[in-house]
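We count ligands from 1, going down the list as the structure has it; atoms in each ligand are counted the same way. Sequential numbering from 1 along the given sequence is applied to the chain's residues.
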Amino acid sequence: MERIRERVIQIYGNLVSLLQKCIFCILSVGPIPNHIAFIMDGNRRFAKKCKLMEGAGHKVGFSALMSMLKYCYEFGVRYVTVYAFSIENFKRSPEEVQSLMDLMLKKIEEILKKQSIVNRYGVRVIFSGNLKLLSEPVRLAAERAMLATAKNSKAVLSICVAYTSTNEIMHAVQESCEEKWDEITLLNSSGAGYGLISLGGYEQDEMDHLIKLTDIEKHMYMAAAPDPDIIIRTSGETRLSNFLLWQSANCYLYSPSVLWPEIGFRQFLWAILNFQQIHFYLDKLRKQS
Ligand SMILES: CC(C)=CCC/C(C)=C/CC/C(C)=C/COP(=O)(O)OP(=O)(O)O
C-alpha cells in the first residue's frame, strides 16, 4: 500500500512539473526577465500563524526560496538576488540573530552539495554586503561558497547579507574617492596639480580625473549583476526597506499578499505575466512616440 502511495505521489509530481514546463514554454514567447530580486518578508508571521517556533518560519522560508530559484532558473532567468539579512536585522534579539546565522551556516553547506540547485543549474553564488560585519564562521562559509562556485557560469545568485542599500552606496563612493585620490596623488607627484573637486571651470584633462557614475557602479556590492527587472516582496508590503535603491530606478515591484513561506508557482507566474504586460505596453508607447 505504501509503495502504491509513493508511486501515485511520484506520478503526480511528474505531471505537475510537465505542466509547469509547458507553461514556461508558452510564457517564453514574451520577454524573459534577466534579473529577479526577492524580499523574503513574513517568515515570523508565518510561524505565528501556524503556531510554530519563530525559527521554523525561516526554515520554511528557505525551502520557499529553493522552489523560487528552481522556477527562475527553469524559466531562463539568469540573475536572482535575495535579501537574506539586512544590517538593520542585527538589531533583533541576540537569540534570533544567532539562530538566523546558524541557519545561514547550515544552508550554505547544503547549497554546496552536489545535488543542490546551485550545482544542478550551474549557479555562481555571490554574497553581497558588508561581510566584515558577519561572524567569522559565516563569513568563511560565504567565502568558501563563492570560491567553490566561481567557475559556474549559467546563472548567478546574489545573497544580500549584512546589506543595506545606503551602506552599499556609501561604500562605493568611498572606494571610488580612494581610487581617484591615489590616481591624483600619483599624477601630482609629477607636478600636475589636480584635485578631486575643483571650484573653477574644468579643463578636459581635469574632468578625466573626476568621479563618474561608472566608477561608483564598479564598486557596488551588486556590481556583478545588471539592474533587476522585477522585485518581488511578499506579505503585501510595497516598501523597498533599503534594498537595491540605486539599482531599482526602472524596476517593476510586485507585492503578492502571501507571506514568504507561502509563495509558490502561482505568484511567480503572476509576477512574470505582469512584467510582460508592462513590457509590451512600454514597447507600444515607445513605437508611438
Ligand atoms: C543561505 C540563505 C540564503 C539563507 C536564507 C535564510 C532565510 C530564509 C532568511 C530570511 C531572513 C529574514 C530576515 C526574513 C524576513 O522575515 P521576517 O523575519 O522579517 O518576518 P516578519 O516580516 O513576519 O517579521
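Interface atoms of ligand 1 facing N89, defined by a heavy-atom separation under 4.0 Å, are 13 (C). Heavy-atom contacts of M104 reach the following atoms of ligand 1: 2 (C), 4 (C) (cutoff under 4.0 Å). Here is the list of ligand 1 atoms found below 4.0 Å of a heavy atom in D41: 19 (O), 22 (O). In summary, the atoms of ligand 1 found under 4.0 Å from a heavy atom of R45, numbered by their order in the structure, are 21 (P), 22 (O), 23 (O).
Atom 6 (C) of ligand 1 has its closest protein heavy atom at L103 CD2, 4.0 Å. The closest protein non-hydrogen atom to atom 5 (C) of ligand 1 is F62 CD1, 4.1 Å. Closest to atom 11 (C) of ligand 1 among all protein heavy atoms lies A84 O, 3.3 Å. Among protein heavy atoms, atom 7 (C) of ligand 1 sits closest to M40 CE, 4.0 Å.
Side-chain polar atoms of E96 and H58 form a donor-acceptor pair below 3.5 angstrom.
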Show me the donor-acceptor pairs, under 3.5 Å and distance only, between side chains in residues 274-282 and residues at least two apart or in other chains.
from : atom 1 : to   : atom 2 : distance (Å)
N274 : ND2    : Y252 : OH     : 3.4
N274 : ND2    : W270 : O      : 3.0
Q276 : NE2    : L27  : O      : 3.0
Q276 : NE2    : P31  : O      : 2.8

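For ligand 1, the polar-atom distance check against N43 finds a nitrogen or oxygen pair separated by under 3.5 Å. Residue I111 has no N or O atom closer than 3.5 Å to an N or O atom of ligand 1. Polar contact with ligand 1: present for R44 (N/O pair, distance under 3.5 Å).
Of the possible donor and acceptor atoms, none in the side chain of S158 sits under 3.5 Å from a partner among the backbone N and O of T81.
Ion pairing of E2 with R5 is present here, as a side-chain N (NZ or NE/NH1/NH2) and a carboxylate O approach within less than 4.0 Å. Using a 4.0 Å cut-off between charged side-chain N and carboxylate O, K91 and E88 make a salt bridge. We find that R120 and E74 are not joined by a salt bridge, their nearest charged nitrogen and carboxylate oxygen being 4.0 Å or further apart.
For the pair F85 and ligand 1, no heavy-atom separation below 4.0 Å is found. Contact analysis leaves V82 out of contact with ligand 1, as no non-hydrogen atom separation drops below 4.0 angstrom.
F85 and F90 have perpendicular rings, their planes meeting at more than 60° on a 0 to 90° scale where under 30° would count as parallel.
In this structure Y71 satisfies the ring pair (Phe, Tyr, Trp, His ring centres under 6.0 Å) test together with F265, F268, sequence neighbours excluded.
Both F38 and I108 are assigned to one and the same hydrophobic cluster, defined by single-linkage of ILVMFWY side chains at heavy-atom distances under 4.5 Å.
Residue nearest to atom 18 (O) of ligand 1, selected from K106, E237, M66, R92: R92 (by heavy-atom distance).
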